Amino acid sequence: MFGISPLGWLHTLGSLPAIPLALWMLARHGRIVPRSGAGIAWFIFMAVGGLTVFLIAKQPVSNGIASVTLVLLVAGYTVGRVWALGRAARYLETIFLSLTVFLLLAPSVTETLTRVPNGNPIAKGPDSPIVLGALGTLAVLLVVGITAQILHLRRSGNQGSAVSR
């Protein structure tokens, strides 16, 4: 179904739960909270999605996106523990993890629009105007979202250190 191989289904179903988890944390906390139950589950699903891309990718850009996603994911989960960065650690953590959400959603939107409905997809290919419009919208949401997150972190000041959540 949808031209997805068994490994493709492992990738899709393994990473799919990361989307509602990210949306829930963003709505509830205004950011991804890495050292929470939802944050740990999100990390696992993101790692599964990022790692399984290497098994199914047909385009070199897919491996590049997966590599950047995994680097940002690990950086986002470790930078908050770097005491020397002080408050900057929390900003970097938020930015890195927000970028991973974008890097998850961009290929997900493209794949969905070019595969659904089965046999007669909404978009004919990744260069389709509807795909480009959706990706442009995601990019705008990323910029607006990171800006809002940074402003929120600035207003909240030192409430909660970068290391303890």
Side-chain angles (χ1 to χ4, degrees), residues 1-29 31-82 89 91-146 149 165:
M1 182 162 47
F2 300 114
I4 300 177
S5 69
L7 281 175
W9 279 111
L10 171 68
H11 164 75
T12 300
L13 297 176
S15 60
L16 192 60
I19 294 172
L21 283 168
L23 295 175
W24 182 80
M25 284 186 284
L26 290 169
R28 179 126 202 271
H29 305 288
R31 64 192 203 90
I32 303 297
V33 182
R35 283 163 284 291
S36 67
I40 292 166
W42 181 78
F43 177 89
I44 292 167
F45 291 121
M46 285 294 294
V48 167
L51 291 169
T52 56
V53 166
F54 298 106
L55 302 173
I56 62 168
K58 295 179 179 135
Q59 304 288 331
V61 70
S62 300
N63 290 331
I65 291 170
S67 297
V68 171
T69 300
L70 291 169
V71 167
L72 288 169
L73 184 64
V74 170
Y77 270 75
T78 56
V79 72
R81 298 180 188 269
V82 179
Y91 290 100
L92 290 171
E93 174 184 274
T94 300
I95 292 166
F96 292 163
L97 296 179
S98 292
L99 287 168
T100 64
V101 172
F102 173 78
L103 292 172
L104 168 66
L105 289 176
S108 298
V109 165
T110 301
E111 287 295 312
T112 300
L113 291 174
T114 57
R115 291 180 186 258
V116 175
N118 197 20
N120 188 22
I122 295 167
K124 300 302 177 205
D127 294 334
S128 170
I130 194 163
V131 172
L132 296 176
L135 294 177
T137 301
L138 282 178
V140 168
L141 289 172
L142 173 69
V143 171
V144 169
I146 287 178
Q149 289 172 318
R165 307 267 186 271

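Being a predicted model, the structure only gives us computed values, none of them experimental. The first residue in the sequence is number 1, and the count goes up from there.
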### Query
Got a second to check how far F96's CZ is from L99's CG, nearest 0.5 Å?
8.0 Å
### Minimum side-chain heavy-atom gap V131-V109 below 4.5 Å
no
### Task
Please test L73 against W42 for side chain to side chain contact (heavy atoms under 4.5 Å, CB included), starting from the C-alpha separation and ending with a verdict.
CA-CA 10 Å; L73 184 64; W42 181 78; 3.6 Å; yes
### Message
When you compare the side chain of V101 with that of I32, does any pair of heavy atoms fall below 4.5 Å?
### Response
yes
### Spatial distance of atom OG (S98) from atom CG (L103) [nearest 0.5 Å]
11.0 Å
### Summary
Taking every heavy atom of P126 against every heavy atom of L132, the minimum-distance pair comes out as O-CD2, 3.8 Å
### Task
For the residue pair L51 and L70, establish whether any side-chain heavy-atom pair is separated by less than 4.5 Å.
yes
### Message
Minimum heavy-atom separation for T94 and R31, please, with both atom names.
### Response
OG1-NH1, 3.2 Å
### Query
Within a strict 4.5 Å, meaning less than it, do heavy atoms of the L55 and H11 side chains meet?
no
### Message
Does any part of the side chain of I19, heavy atoms only, come nearer than 4.5 Å to the side chain of L104, both counted from C-beta?
### Response
yes
### Task
Measure the CG-OG1 distance between L105 and T110 for me, rounded to the nearest 0.5 Å.
10.5 Å
### Message
Looking at every non-hydrogen atom in both residues, tell me the closest pair between G49 and S15 and how far apart they are.
### Response
CA-CB, 3.4 Å
### Query
Are any of the side-chain heavy atoms of P117 and I122 separated by less than 4.5 Å?
yes
### Query
How long is the span from the CG atom in L21 to the CZ atom in F43, to the nearest 0.5 Å?
14.0 Å
#### Entry: Over all atoms of both residues, closest heavy-atom pair of G80 and R35
CA-NH2, 3.8 Å
### Task
Check whether any side-chain N or O of T100 sits under 3.5 Å from a backbone N or O of L97 as a donor-acceptor pair, and report yes or no.
yes
### Task
Identify the two heavy atoms, one from A66 and one from G50, that lie closest to each other, and give their separation to 0.1 Å.
CB-O, 3.6 Å
### Message
Are the side chains of L26 and Q149 in contact, using a 4.5 Å heavy-atom criterion?
### Response
yes
### Message
So, taking the atom named CG in L135 and the one named OG in S128, what distance separates them when rounded to the nearest 0.5 Å?
### Response
10.0 Å
### Task
To the nearest 0.5 Å, tell me how far I4 CD1 sits from I56 CD1.
8.5 Å
### Query
Is the W24 ring parallel, tilted or perpendicular to the H29 ring (thresholds 30°, 60°)?
perpendicular
### Task
Quick one: list whatever passes salt bridge (charged side-chain N to carboxylate O under 4.0 Å, His left out) with R115, sequence neighbours left out.
E111
### Message
Tell me the closest heavy-atom pair linking G14 and F45, and the distance in Å.
### Response
O-CD2, 3.1 Å
### Query
Heavy atoms, side chains only, cut-off 4.5 Å: are F102 and V143 in contact?
no
